[in-house]
There are 2 protein chains.
Amino acid sequence: MHRSRLSTLLIDTPEAEADASAAFWSEALGATVSSPPDEPQYLTLHGAVPSLDVAVQRVGSAARLHVDIETDDVDAEVARLEALGAVAESSWQGCRTLRAPGGHLLCVIPLHSDPELFASLARTWP
Amino acid sequence: MHRSRLSTLLIDTPEAEADASAAFWSEALGATVSSPPDEPQYLTLHGAVPSLDVAVQRVGSAARLHVDIETDDVDAEVARLEALGAVAESSWQGCRTLRAPGGHLLCVIPLHSDPELFASLARTWP
């Protein structure tokens with residue numbers, strides 16, 4: 001038995017435009033911006049949406065959005081999503097990137113939000 | 001003075017794969033699926049994220065995600081976002097599509113969520 005929830009919306013932005021992107025979304029959504037310690041590739045937009053982390057991510061690819069699903073058991077969640085038709089793409093620092101039916105990327109990430117928030121919002125899977 | 005908030009995450013999916021996409025995200029997020037009356041192009045994922053509408057949209061383009069900002073004054077919100085650097089792309093049924101700095105599409109849409117939810121979550125702009 002494990003749990004998961006849609007936890008994060010990433011605004012993946014080419015490196016050269018990431019600061020302009022974060023400045024725009026910050027003003028557009030009325031959110032403050034800061035990077036987590038030791039993770040300058042993320043520009044977190046605080047308070048943009050309740051109970052959802054929203055961040056600009058500096059990437060080497062074209063502009064896109066993707067979502068993260070956080071879970072207390074990454075292997076079990078990846079297996080569950082693969083059984084639903086998702087296909088593994090890559091793995092990086094404990095995060096697993098999958099491609100969903102329909103063509104969208106998603107990442108499965110270890111639990112990172114407040115444990116009480118996670119417990120109140122996550123679904124439990126057999 | 002007007003108000004706005006990030007209200008919607010659209011999972012834009014090529015027509016031929018939209019039903020498979022909705023089936024996947026429904027199971028992945030533990031959400032039920034239905035289309036609004038007279039809007040079969042949307043496959044709403046109920047309860048996927050608190051206070052955020054999430055829906056698969058059947059589109060003629062490649063797979064992508066985009067967000068909607070709902071507002072009680074579309075013209076004022078578009079003008080505000082354009083002043084922040086967004087560029088108008090198109091207009092359709094009262095919705096205005098803009099491209100944000102960094103390259104992401106967003107739509108500005110008329111108020112559609114519960115008025116009390118909107119009042120509690122929207123930001124007020126001068």
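Quick note on labels: first sequence line is chain A, next is B, and so on, each numbered from 1.
When each of A:Ser21, A:Gly103, A:Pro101 is checked for heavy-atom pairs under 4.5 Å with chain B, A:Pro101 comes out on top. The most heavy-atom pairs under 4.5 Å with chain B, out of A:Pro50, A:Gly85, A:Ser51, A:Ala20, come from A:Pro50. Of the listed residues (A:Val49, A:Leu121, A:Leu84), the greatest number of heavy-atom pairs within a distance under 4.5 Å of chain B belongs to A:Leu84. Options A:Ala122, A:Ala23, A:Gly102, A:Ala62 differ in how many heavy-atom pairs under 4.5 Å they form with chain B, and the most are formed by A:Gly102. Chosen from A:Ala28, A:Ala100, A:Ala22, the residue pairing most often with chain B at heavy-atom distances under 4.5 Å is A:Ala28.
Using a 4.5 Å cut-off between heavy atoms, A:Asp12 contacts chain B through its backbone alone, with no side-chain atom that close. With a threshold of 4.5 angstrom between heavy atoms, A:Pro14 approaches chain B through side-chain atoms but not through N, CA, C or O. Proximity to chain B involves both the backbone and the side chain of A:Ala86, based on heavy atoms less than 4.5 angstrom apart. Neither the backbone nor the side chain of B:Arg5 comes within contact range of chain A; no heavy atom of the residue lies under 4.5 Å from a heavy atom of that chain. At a 4.5 Å heavy-atom cutoff, the contact between A:Ile69 and chain B is made by side-chain atoms alone. For chain B, the nearby part of A:Arg64 is the backbone; its heavy atoms alone come within less than 4.5 Å.
When the side chains of ILVMFWY residues are joined at heavy-atom separations under 4.5 Å, either directly or via intervening members, B:Leu6 and A:Leu10 end up in two distinct hydrophobic clusters. Hydrophobic clustering (side-chain heavy atoms under 4.5 Å, transitive across Ile, Leu, Val, Met, Phe, Trp, Tyr) groups A:Leu52 together with B:Val54. A:Tyr42 and A:Val33 fall into different hydrophobic clusters, defined by Ile, Leu, Val, Met, Phe, Trp and Tyr side-chain heavy atoms under 4.5 Å apart, directly or through other members. A:Leu98 and B:Phe24 fall within the same hydrophobic cluster, where Ile, Leu, Val, Met, Phe, Trp and Tyr residues are linked whenever their side-chain heavy atoms come under 4.5 Å apart, directly or through other members. Residues A:Val74 and A:Phe118 do not share a hydrophobic cluster, defined by chaining ILVMFWY side chains whose heavy atoms lie under 4.5 Å apart.
When side chains are defined from C-beta on, B:Leu9 counts as touching A:Val67, because their heavy atoms get closer than 4.5 Å.
The line from CG of B:Leu81 to CD of A:Glu27 is 10.5 Å long, rounded to the nearest 0.5 Å.
Partner of B:Leu65 under the side chain to side chain contact (heavy atoms under 4.5 Å, CB included) criterion, out of A:Leu65, A:Leu105, A:Leu106: A:Leu65 alone.
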